[in-house]
Amino acid sequence: MVFVGYSVWAALQTSHYAWGPYISPIFSPCLATSCGSHTDLALFGRWWVVSPALIVAGFPVGFRLTCYYYRRAYYRSLWLSPPACAVREPHHRYRGESRFPLILQNVHRYFFYFGILVAVMLSIDAVRGFDFPGGWGIGLGSLILVVNAVLFWCYALGCHSCRHLIGGRLRHFSRHPIRYRAWKIATVLNARHMAFAWASLPCVVGTDLYIRLVSMGVFHDPRLL
């Protein structure tokens, strides 16, 4: 809940989300001209006076919120379906995800595609994080952006939807060796899906906080090269 609360607060801010070559993953891709040099596609001009994160935040949030691992967590704690193994179901009629509102969870397979776009954008931001005004270099923030992108890729590629998309409908793996190898990689990542889910979420928060503090002048970004 701490990570979620901070993310909501950060997404509502209108300043200190970028510094030098760095931009917070909560605000990327930035589609408003208020992002200055970090604007990726100027779809929203200066008239957009609220936080530019509100334009794109729904995609990673929707991807995580409908994730199979995260839904298990809040099914048990909030929806109480089920609260635990061998515990009586509190609902009078259990319909699973076949009725409203839980049927909305089926949009996860579509949010997965947006999740891949988010991962690509985070990778681009990680590369840009080495492009300083005076030339290419390495700062601590550069490495943080790389770690954030890698963790999100591991989380996204370990998604059940990704694993099913790669090899879920194949009858003969021997006829599709490339897809079989990709499926095996996705399977390995899927086995650690919980770990990557919990590692990537605080990394997003930590990356935003680091860039925000550097932008505010609380401390300087150490240059490693």
Practice item. Considering non-hydrogen atoms only, spot the tightest contact between I55 and F59 and give its length. Key: O-CE1, 4.1 Å
Could you pull out all donor-acceptor pairs under 3.5 Å where a side-chain atom in residues 196-209 meets a protein atom, sequence neighbours excluded?
| residue | atom | partner | partner atom | Å |
| --- | --- | --- | --- | --- |
| W198 | NE1 | Y69 | OH | 2.6 |
| S200 | OG | R64 | NH1 | 3.2 |
| S200 | OG | R64 | NH2 | 3.0 |
| S200 | OG | F196 | O | 2.8 |
| S200 | OG | A197 | O | 3.4 |
| T207 | OG1 | C203 | O | 2.7 |
| D208 | OD1 | S24 | OG | 2.6 |
| D208 | OD1 | R212 | NH2 | 3.3 |
| D208 | OD2 | Y6 | OH | 2.6 |
| D208 | OD2 | R212 | NE | 3.3 |

Revision key, fill the gap. Value for CG (L140) from CZ (F219), rounded to nearest 0.5 Å, stands at 8.0 Å
Point to revise | Salt bridge flag under 4.0 Å for residues R128 and D125 | key: yes
Exercise for review: Give a yes or no on whether I26 and W48 share a hydrophobic cluster (residues Ile, Leu, Val, Met, Phe, Trp, Tyr; joining criterion: side-chain heavy atoms under 4.5 Å apart).
Suggested key: no
Check your understanding: Between I166 and C162, is any pair of side-chain heavy atoms under 4.5 Å apart?
Key -> yes
Practice item. Just jot down the side-chain hydrogen bond (donor to acceptor under 3.5 Å, both in side chains) partners of H108, sequence neighbours excluded, or say none. Key: T66
Practice item. For residues 1-56, pull every pair meeting disulfide bond (SG atoms under 2.5 Å apart), keeping only residues two or more places apart or in separate chains. Key: C30-C35
**Study point:** Non-hydrogen side-chain atoms of W136 and L225 separated by less than 4.5 Å
**Key:** no
Extract all donor-acceptor atom pairs below 3.5 Å that involve side chains of residues 110-123 and protein atoms in other chains or at least two apart in sequence.
| residue | atom | partner | partner atom | Å |
| --- | --- | --- | --- | --- |
| S123 | OG | A119 | O | 2.9 |
| S123 | OG | W153 | NE1 | 2.6 |

Review point. According to a 4.5 Å side-chain heavy-atom criterion applied to Ile, Leu, Val, Met, Phe, Trp and Tyr, with indirect links allowed, do L145 and L213 form part of one hydrophobic cluster?
Key: yes
Mind listing the side-chain donor-acceptor pairs of residues 12-21 below 3.5 Å, one per line with the distance, residues two or more places apart or on another chain?
| residue | atom | partner | partner atom | Å |
| --- | --- | --- | --- | --- |
| Q13 | NE2 | W9 | O | 2.9 |
| H16 | ND1 | S215 | OG | 3.0 |

Check your understanding: Which heavy atom in H193 sits nearest to a heavy atom in C67, and how many Å separate them?
Key -> NE2-SG, 3.4 Å
Point to revise | Closest heavy-atom pair and its distance - F27, S51 | key: CE2-OG, 3.2 Å
Practice item. Heavy atoms only: give me the nearest Y22-G139 pair and the separation to one decimal. Key: OH-CA, 3.5 Å
Exercise for review: Say whether M194 and L151 are linked into one hydrophobic cluster, either directly or through other cluster members, by side-chain heavy-atom distances under 4.5 angstrom.
Suggested key: yes
Practice item. Tell me whether I23 is reachable from M216 by hopping between hydrophobic residues (I, L, V, M, F, W, Y) whose side-chain heavy atoms are closer than 4.5 Å. Key: no
Review point. Got more than 12 heavy atoms from elsewhere within 6.0 Å of CZ, R179?
Key: yes
Review point. About how many Å separate OG1 of T187 and NE2 of H160, when rounded to the nearest 0.5 Å?
Key: 10.0 Å
Review point. Are more than 12 heavy atoms from other residues, nucleotides or ligands located less than 6.0 Å from atom CZ of R181?
Key: no
Check your understanding: Taking the side chain as C-beta and beyond, is there a heavy-atom pair between L157 and I185 under 4.5 Å?
Key -> no
Point to revise | Spacing of CG belonging to L43 relative to OG1 belonging to T33, to within rounding of 0.5 Å | key: 10.5 Å
Check your understanding: Once the angle between the rings of W47 and F44 is folded into 0 to 90°, is it parallel (under 30°), tilted (30 to 60°) or perpendicular (over 60°)?
Key -> tilted
**Study point:** Linked hydrophobic residues, I178 as query - side chain contacts closer than 4.5 Å
**Key:** none
**Study point:** Inter-residue atom distance C159.SG - L165.CG, 0.5 Å rounding
**Key:** 9.5 Å
Check your understanding: When hydrophobic residues are tied together by side-chain contacts of less than 4.5 Å, even through go-betweens, does V146 share a cluster with I124?
Key -> no
